[in-house]
Amino acid sequence: MLSAQEILSPLNDSQAKAVSYKEGPLLVLAGAGTGKTKTLTSRVAYLISQNIYPSQLLVVTFTNKAAGEMKHRVAALLNQPVDGMWIGTFHSIAARILRKHATNVGLRNDFTIIDSDDQLRLLKQLLKDHNIDEKRHPAKQLAYVINGWKDKGLTPAMLQPSDAYDFADGHGTQLYHEYQQRLLSLNAADFGDLLLYNLILFKEYPALLHDYSHKFRHILVDEYQDTNVAQYLWLRLLASAHHNICCVGDDDQSIYGWRGAEVGHILKFEQDFTGASIIRLERNYRSTTHILNAAGALISHNKNRLGKTLWTEDNQGSPVQVNAFFDDIEEANAIADNIDKTHFSHSIDYSNIAILVRASYQTRTFEECFIARGLPYKVIGGLRFYERKEIKDVIAFLRIVHQPYDLLAFERIANAPKRGVGPTTIQRIIHTSRAENLNIIDTIHTMLSQGSLKGKAQPSLQTFIQQLQEWQSLSSTVTLEELCQRIMDDTGYIQALKIQNNAESQSRIENIKELFSSLNDFETLEVFLDHVSLVMDTQQSDNTDMINIMTLHAAKGLEFDTVFLPGWEQGIFPNQRALDDAGEKALEEERRLAYVGITRAKRHAEISFASRRRMFGSYQYNLPSCFVEELPEEHIAINQASPTNTTHATKHYNDNHGHSFDQGPSIEADFNQDHHYGGLNVGSRVFHLKFGYGKILRIDGDKLDIAFEKSGRKTVIASYVDAA
DNA sequence: TATTGTGTTATTTTT
DNA sequence: TAACACAATA
């Protein structure tokens with residue numbers, strides 16, 4: 001165990017001050033790259049060195065990734081594993097508390113945590129039962145409204161009469177109320193409920209609040225600028241006994257307002273927690289002066305901020321490059337060229353390069369460009385492992401084994417694989433189950449004996465409930481993997497995928513196999529199900545060297561040597577819809593997003609915009625983003641592409657940069673036509689991970705011109721395809 | 001009930 | 001463009 005002195009010595013003055021701050025509320029305003037996590041983890045270690053028991057500490061983060069990293073770093077700092085510390089996401093900690101006292105709010109302690117998919121399904125049923133036209137009032141919107149209320153800590157009873165009009169001409173409150181009832185009868189809670197029920201518990205059972213608020217002697221919160229009202233109230237309650245709450249955050253990096261985060265919380269911290277101190281971390285250890293000052297000037301256009309000025313002892317570096325292009329294709333090609341240069345001439349790893357876009361659809365242009373050129377890349381974000389259809393299906397089977405009342409899980413897999421049970425039958429079973437308060441097995445059993453199930457559905461459901469009962473008895477005797485294997489065999493789920501035999505079904509089978517192998521990490525079904533509902537991110541640890549493509553949101557907290565920020569155009573970034581919805585407030589959030597983007601770069605930032613962009617099948621013409629003008633001249637270099645009318649960007653992209661790219665692989669087509677490459681010939685059928693199956697039309701060195709069956713004609717590098 | 005065709009509509013995303 | 005939901009059809 002390190003001494004306090006050893007913990008403090010590697011820190012700068014402000015960091016050390018924050019780490020050793022004694023008692024009372026503390027806000028650490030930590031700018032980008034100022035050692036936020038280091039400070040927070042050091043403080044945890046410091047408190048432990050001051051004889052605070054780990055079990056008296058509550059450390060809250062937003063993501064599992066952050067919680068994991070924190071745990072890891074504290075353990076490394078103390079040189080011993082930390083047991084007993086409550087460290088986790090808001091949701092996982094709230095779930096832990098709620099499981100202990102579930103019966104106080106009408107749930108059993110084995111309640112299911114449902115995701116947004118199930119939530120939507122439930123709301124659709126509700127709307128149908130109320131004869132509300134889903135076209136005029138989509139379930140998605142209702143989900144948004146209800147989640148919004150929950151984020152604000154509002155139960156149906158707390159709503160104002162006018163709130164009802166937030167959905168379907170005044171039906172909002174009633175629907176919210178019934179949705180909550182249905183969740184209770186399903187013994188389920190959605191993500192918002194986890195926090196909301198905690199608030200209810202603390203309010204209605206003061207003894208519980210007393211216990212928890214005295215148990216935790218220190219509360220530490222990461223990314224405080226992202227807290228929504230419910231989380232904020234939760235923190236205030238838990239901190240009410242000792243006021244030892246240390247929040248770390250950066251108002252300039254608040255980018256989740258659209259999902260309930262309130263920058264206001266960090267702005268009024270001093271009013272909320274009397275006697276609070278604020279410590280600013282302004283020394284940046286990441287970026288060069290040019291990058292820092294460019295970002296700083298940009299963000300200074302925001303009015304709603306506490307204000308801080310980042311500085312660095314690093315050198316000037318090179319100015320932020322601002323590149324103008326004719327269209328999106330030219331932009332992508334120029335970035336690809338630039339990456340070649342960065343990688344080959346300046347020896348920067350691909351993994352140290354990122355392309356950050358405003359919206360995920362923008363990644364496509366880059367993917368296509370990089371595939372054609374054979375540049376290795378990965379798209380961060382996108383759909384996660386547990387969100388895949390086949391994985392959710394397998395999990396639904398497990399859920400129903402675990403909880404035979406789980407109608408949502410039943411709805412999901414009643415006809416997967418197809419067994420002749422159509423939507424009408426499913427709805428009837430669900431309605432009966434709800435009306436009679438019977439579990440799935442009993443419901444189907446009853447309906448079968450009444451002869452109210454017809455056609456193909458009758459025998460398949462008979463088999464289904466038999467199987468379900470077998471699985472239930474198996475679940476207590478065999479391992480999770482064996483149970484899963486058995487379910488797949490009995491239902492023929494994998495068999496059905498095998499019959500489809502296309503690239504998609506192939507990868508689905510792979511995914512299921514991957515799930516199988518991860519099952520062994522879990523002791524019981526219950527532990528596994530809790531894991532999948534709360535720990536959604538399965539970061540595949542990929543140690544291959546690849547360019548990172550992701551949204552600006554996904555980039556928060558990361559850093560790269562070189563960062564490309566394409567699509568800085570009015571309407572795209574700042575995003576038009578955001579502006580329409582929330583005006584000036586949204587513009588400030590978009591600006592913070594721009595700030596986050598620039599400050600990800602250590603040495604090199606390249607902003608770009610194009611005058612023409614292909615969007616949704618047609619061309620859109622955009623003006624440069626207003627943020628471009630807000631960048632200070634002395635820290636940027638503007639590179640205007642030579643005026644041209646051709647779309648053949650490759651002809652003149654060199655003009656933009658004033659150098660050529662001989663070192664990189666030539667993109668000029670060489671006309672020495674080949675007829676084979678390795679084992680591949682013109683006319684061969686091949687398989688590509690992304691594009692599926694196709695036929696080779698032309699071979700040119702290692703570049704193959706392929707007509708894909710699904711994705712059309714594309715040029716790809718030979719090493720990316722296999723003979724089919 | 002399963003398949004095919006048509007129409008609509010396009011942020012950001014963690015838990 | 002492309003994905004997805006829903007209606008019309010086999």
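First the proteins, then the strands, lettered A, B, ... as listed; each starts at 1.
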**Student:** Using the glycosidic torsion, which applies to B/dT11: syn (within 90° of 0) or anti (everything else)?
**Tutor:** syn

**Student:** Which part of the nucleic acid, if any, lies within reach of A/Asp190 when heavy atoms closer than 4.0 Å are counted: base, sugar-phosphate only, or nothing?
**Tutor:** nothing

**Student:** Establish, with yes or no, whether the OP1 or OP2 oxygen of B/dT14 is under 4.0 angstrom from a side-chain nitrogen or oxygen of A/Thr89.
**Tutor:** no

**Student:** So, taking the atom named CZ in A/Phe564 and the one named CG in A/Asn548, what distance separates them when rounded to the nearest 0.5 Å?
**Tutor:** 12.0 Å

**Student:** Starting at the 5' end of DNA chain B, what dot-bracket string do you get if Watson-Crick and G-U pairs under 3.5 Å are bracketed, crossing pairs use [ ], other-strand pairs use | and unpaired bases use dots?
**Tutor:** ||||||||||.....

**Student:** Please list, chain by chain and in numerical order, all residues satisfying ring-ring contact (aromatic ring centres under 6.0 Å, His included) with A/Tyr212, sequence neighbours excluded.
**Tutor:** A/His101

**Student:** So which nucleotide from B/dT1, B/dT13, B/dT15 ends up closest to the side chain of A/Leu534?
**Tutor:** B/dT15

**Student:** Considering only side-chain heavy atoms of A/Arg577, which listed nucleotide, B/dT12, B/dT14, B/dT11, is closest?
**Tutor:** B/dT11

**Student:** Starting from C1' on B/dT12, measure out to CD1 on A/Ile255 and report it in whole angstrom.
**Tutor:** 8 Å

**Student:** Are A/Trp258 and B/dT12 stacked, counting the six-membered base ring, centres under 5.5 Å, planes under 30°?
**Tutor:** yes

**Student:** Atom NZ of A/Lys456 to atom P of B/dT3: distance rounded to whole Å?
**Tutor:** 9 Å

**Student:** Under 4.0 Å between a side-chain N or O of A/Asn415 and OP1 or OP2 of B/dA2?
**Tutor:** yes

**Student:** Quick one: which of B/dT14, B/dT12, B/dT15 gets closest to the side chain of A/Ser116?
**Tutor:** B/dT15

**Student:** Nearest to the side chain of A/Phe191, heavy atoms from C-beta on, is which of B/dT15, B/dT12, B/dA10?
**Tutor:** B/dT15

**Student:** Which residues pass the side chain to side chain contact (heavy atoms under 4.5 Å, CB included) test with A/His553, sequence neighbours left out?
**Tutor:** A/Ile255, A/Tyr256, A/Trp258, A/Arg358, A/Thr551, A/Leu593

**Student:** What residues form a side chain to side chain contact (heavy atoms under 4.5 Å, CB included) with A/Asp250, not counting sequence neighbours?
**Tutor:** A/Asp252, A/Gln253, A/Lys308, A/Tyr595

**Student:** When you check every protein heavy atom under 4.0 Å of nucleotides 1-10 of chain C, what one-letter string (B, S, -) results, 5' to 3'?
**Tutor:** BS--------

**Student:** With sequence neighbours excluded, tell me which residues meet side chain to side chain contact (heavy atoms under 4.5 Å, CB included) with A/Lys128.
**Tutor:** none

**Student:** Please state how far atom CD in A/Glu223 lies from atom P in B/dT14, giving the value in whole angstrom units.
**Tutor:** 13 Å

**Student:** Sequence neighbours left out, what passes side-chain hydrogen bond (donor to acceptor under 3.5 Å, both in side chains) with A/Thr443? Give chain and number order.
**Tutor:** none

**Student:** May I ask you to verify whether the side chain of A/Arg358 and the base of B/dT11 hold a donor-acceptor pair under 3.5 Å?
**Tutor:** no

**Student:** Quick one: label A/Lys418 by what it contacts on the DNA or RNA (base, sugar-phosphate, nothing), any heavy atom closer than 4.0 Å.
**Tutor:** sugar-phosphate

**Student:** Separation of A/Glu589 atom CD from B/dT11 atom C1', in whole Å?
**Tutor:** 12 Å

**Student:** Considering heavy-atom distances to DNA chain B, does A/Thr424 or A/His553 have its closest nucleotide positioned more toward the 5' end?
**Tutor:** A/Thr424

**Student:** Residues two or more places apart in sequence or in another chain: which of them pass salt bridge (Lys or Arg N to Asp or Glu O under 4.0 Å) with A/Arg99?
**Tutor:** A/Asp530

**Student:** Considering only NZ, NE, NH1 and NH2 on the basic side and carboxylate oxygens on the acidic side, decide whether A/Arg259 and A/Asp226 come within less than 4.0 Å.
**Tutor:** no

**Student:** Only counting residues at least two apart or in another chain, list the ones meeting side chain to side chain contact (heavy atoms under 4.5 Å, CB included) with A/Leu448.
**Tutor:** A/Ile444, A/Leu453, A/Gln458, A/Gln462, A/Ile465

**Student:** Check the orientation of A/Trp86 and A/Phe216. Use parallel for under 30°, tilted for 30 to 60°, and perpendicular for over 60°.
**Tutor:** perpendicular

**Student:** Could you tell me the separation between the NZ atom of A/Lys140 and the P atom of B/dT9, rounded to a whole number of Å?
**Tutor:** 12 Å

**Student:** Assign A/Ala359 to base, sugar-phosphate, or nothing according to its heavy-atom contacts below 4.0 angstrom with the strands shown.
**Tutor:** sugar-phosphate

**Student:** Please tabulate, for the side chains in residues 572-579 of chain A, all donor-acceptor contacts under 3.5 angstrom to protein atoms that are two or more places apart in sequence or on a different chain.
**Tutor:**
unit_1   : atom_1 : unit_2   : atom_2 : d
A/Asn575 : OD1    : A/Arg577 : N      : 2.8
A/Asn575 : OD1    : A/Ala578 : N      : 3.0
A/Gln576 : NE2    : A/Asp580 : OD1    : 2.9

**Student:** How long is the line joining NZ of A/Lys585 and C1' of B/dT12, in whole Å?
**Tutor:** 15 Å

**Student:** Toward the 5' end of DNA chain B, which comes first, A/Val421 or A/Ala554, by nearest nucleotide?
**Tutor:** A/Val421

**Student:** If only side-chain N and O atoms of A/Thr551 are considered, is one of them under 4.0 Å from the OP1 or OP2 phosphate oxygen of B/dT11?
**Tutor:** no

**Student:** Figure out the CZ/P separation between A/Phe90 and B/dT14, and round it to whole Å.
**Tutor:** 16 Å

**Student:** Does a donor on one side chain and an acceptor on the other come within less than 3.5 Å for A/Asp190 and A/Tyr179?
**Tutor:** yes

**Student:** Could I get a table of every N or O pair under 3.5 Å where one atom is in the protein and the other is in nucleotides 5-7 of chain B?
**Tutor:**
none

**Student:** Name all residues meeting the salt bridge (Lys or Arg N to Asp or Glu O under 4.0 Å) criterion together with A/Arg412; count only those two or more places apart in sequence or in a different chain, and write none if there are none.
**Tutor:** A/Asp117, A/Asp393

**Student:** Starting from P on B/dT13, measure out to OH on A/Tyr144 and report it in whole angstrom.
**Tutor:** 14 Å

**Student:** Go through B/dT11, B/dT3, B/dT14 for me and flag the one nearest to the A/Arg259 side chain.
**Tutor:** B/dT14

